[in-house]
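When reading the values below, keep in mind they use all heavy atoms of this one structure, side chains included, and skip hydrogens, waters and symmetry mates.
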Amino acid sequence: MRFPQLRIFTWVILAINAIFLIWIIGGIATRPDPNDTAANVGTAIGVGLIIGLWVAADVILGILWLITKPKTRDCPACGRTVKRGQMECKGCGYDFAQAARFTQGGRQRPPNPA
């Protein structure tokens, strides 16, 4: 199985989410006394604020990720740039719809347009 190639911005979002998770785990693990009610309340407030920042950051990063999504793709047959939504390459005639049908049918490589 081949993993899809992710954009760099996707890796940035994953790294930021990992940092927030580590921040929460570290905040909970370093509370002064687990039996102290005031410390537990303070930890809960701190973790709640971190979760609020995490949600806000994910919403902002998600919107930026959608806005910066590429509007084009490369033709696998000739390498030319093709607009997303266009079903045929103007340079070589590669049929993206036919390729999608072949990959959904379980075959790995679509036939060459030649």
Got a second to check how far [X]'s [atom1] is from [Y]'s [atom2], nearest 0.5 Å?
{"X": "Lys71", "Y": "Arg84", "atom1": "NZ", "atom2": "CZ", "result": "10.0 Å"}
{"X": "Arg73", "Y": "Cys89", "atom1": "CZ", "atom2": "SG", "result": "10.0 Å"}
{"X": "Arg31", "Y": "Asp36", "atom1": "CZ", "atom2": "CG", "result": "10.0 Å"}
{"X": "Glu88", "Y": "Tyr94", "atom1": "CD", "atom2": "OH", "result": "11.5 Å"}
{"X": "Arg80", "Y": "Thr72", "atom1": "CZ", "atom2": "OG1", "result": "14.5 Å"}
{"X": "Cys75", "Y": "Phe96", "atom1": "SG", "atom2": "CZ", "result": "4.5 Å"}

How close do Asp33 and Asn40 get, counting heavy atoms only, and between which atoms?
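The pair with the smallest heavy-atom distance is O-OD1, 4.1 Å.
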
Donor-acceptor contacts, no H, no angles, side chain residues 11-26, under 3.5 Å, sequence neighbours left out:
residue	atom	partner	partner atom	Å
Asn17	OD1	Trp54	NE1	2.5
Asn17	ND2	Ile13	O	3.0
Asn17	ND2	Asp58	OD1	3.4

So does Ile8 have more than 12 non-hydrogen atoms from other groups sitting under 6.0 Å from CD1?
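12 or below, so no.
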
For atom NZ of Lys69, is the number of surrounding heavy atoms from other residues, nucleotides or ligands below 6.0 Å larger than 12?
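Atom NZ in Lys69 is not crowded, with 12 or fewer foreign heavy atoms closer than 6.0 Å.
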
Got Val82 and Asp74 here, is their nearest side-chain heavy-atom distance under 4.5 Å?
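They are not in side-chain contact.
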
Going by side-chain hydrogen bond (donor to acceptor under 3.5 Å, both in side chains), name the residues that satisfy it together with Thr10, two or more places apart in sequence or in a different chain.
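Trp65.
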
With ILVMFWY side chains joined below 4.5 Å, transitively, what does Leu49's cluster contain besides itself?
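Other cluster members: Val41, Ile45.
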
